[in-house]
Amino acid sequence: MKCYHMAARNERKLELLKFIEAEEEVTPSQVADTLELEIHHVRMLLLRYWKAGLLYRHKVNRKTKQRAYRISEKGIDRIKWLENNKPSSFGQMKRLTCAYLRSQ
């Protein structure tokens, strides 16, 4: 299961970062509604990408603590990297990783 997750995670990251780049600024609910994802899952992904420096964020409503996110330069660089490393190469990495994990 973990092997597949690695490839899927990079595909989801590319989808999410490209969406945020296109929209310029988004809230978690906008992402969840548009990409038809669970809101909690979206919040966790956005938090992870923000901590990694791929996104900027700010509060849009202090009372509700709602935040908005936009792409950072590092996020744009990550999009380019993910696009240049096609999903087929993720699959190759997946198979190598799976074989390694099974042999332990």
Side-chain angles (χ1 to χ4, degrees):
M1 286 290 171
K2 284 186 178 183
C3 300
Y4 171 76
H5 181 67
M6 186 184 325
R9 182 171 57 182
N10 283 324
E11 291 166 10
R12 173 70 71 208
K13 184 184 294 182
L14 179 59
E15 176 187 31
L16 196 63
L17 291 176
K18 285 178 80 170
F19 175 73
I20 295 169
E21 181 183 35
E23 294 295 315
E24 295 182 15
E25 187 172 278
V26 297
T27 62
S29 57
Q30 288 173 309
V31 175
D33 292 344
T34 305
L35 300 180
E36 297 180 353
L37 299 170
E38 209 274 330
I39 187 70
H40 178 73
H41 179 66
V42 169
R43 286 185 182 126
M44 294 297 101
L45 289 174
L46 292 172
L47 179 64
R48 179 182 300 144
Y49 301 157
W50 172 72
K51 285 182 176 181
L54 305 177
L55 300 174
Y56 298 120
R57 76 176 186 182
H58 68 93
K59 284 185 184 171
V60 288
N61 185 328
R62 289 189 185 278
K63 196 174 207 176
T64 63
K65 298 182 182 177
Q66 184 181 28
R67 298 183 187 275
Y69 294 82
R70 60 187 171 85
I71 197 87
S72 68
E73 288 301 316
K74 187 175 178 182
I76 293 169
D77 291 342
R78 183 62 53 90
I79 290 171
K80 292 174 188 171
W81 185 87
L82 289 168
E83 287 176 332
N84 289 331
N85 292 280
K86 304 219 183 304
S88 62
S89 66
F90 295 145
Q92 290 171 351
M93 183 170 59
K94 172 184 76 172
R95 281 192 296 278
L96 291 174
T97 306
C98 288
Y100 177 73
L101 290 174
R102 268 188 268 177
S103 67
Q104 286 185 336

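- In terms of heavy atoms, Y69 sits closest to L47 at OH-N, 4.5 Å.
- Heavy-atom contacts from other residues, nucleotides or ligands closer than 6.0 Å to NE2 of H58 number more than 12.
- The CG atom of L16 sits 10.5 Å away from atom CZ of R48, with the distance rounded to the nearest 0.5 Å.
- With sequence neighbours excluded, the residues forming a side chain to side chain donor-acceptor pair (under 3.5 Å) with S29 are T27, listed by chain and number.
- Partners of R43 by side-chain contact (heavy atoms from CB on, under 4.5 Å), not counting sequence neighbours, listed by chain and number: P28, I39.
- Remark: Y49 OH to R78 CZ distance equals 9.5 Å, nearest 0.5 Å.
- Rounding to the nearest 0.5 Å places CD of Q30 at 11.0 Å from CG of L35.
- Here CD1 of I79 is found 8.5 Å from CD1 of I20. Values are rounded to the nearest 0.5 Å.
- Partners of Q66 according to the side chain to side chain donor-acceptor pair (under 3.5 Å) rule, which considers only residues two or more places apart in sequence or in another chain, do not exist here.
- Considering every non-hydrogen atom in both A68 and V60, the closest pair reads CB-CG1, 3.6 Å.
- Between atom CG of residue L45 and atom CD of residue E15 there is a gap of 10.0 Å, rounded to the nearest 0.5 Å.
- When all heavy atoms are compared, the tightest approach of G53 to S72 is O-OG, 2.6 Å.
- Summarising the geometry of F19 relative to V26, their closest heavy-atom pair is CE2-CG1, 3.8 Å, with the distance given to 0.1 Å.
- Under the 4.5 Å side-chain heavy-atom criterion for Ile, Leu, Val, Met, Phe, Trp and Tyr, Y56 and I76 are members of distinct hydrophobic clusters.
- Under a hydrophobic-cluster definition in which Ile, Leu, Val, Met, Phe, Trp and Tyr are linked whenever side-chain heavy atoms come within less than 4.5 Å, directly or via other members, I71 and L37 are assigned to the same cluster.
- No side-chain heavy atom of R57 sits less than 4.5 Å from a side-chain heavy atom of L46.
- Among pairs with a residue in residues 17-31, those fulfilling salt bridge (Lys or Arg N to Asp or Glu O under 4.0 Å) read K18-E83, at least two apart in sequence or across chains.
- Heavy atoms from other residues, nucleotides or ligands lying under 6.0 Å from CD of E73 number 12 at most.
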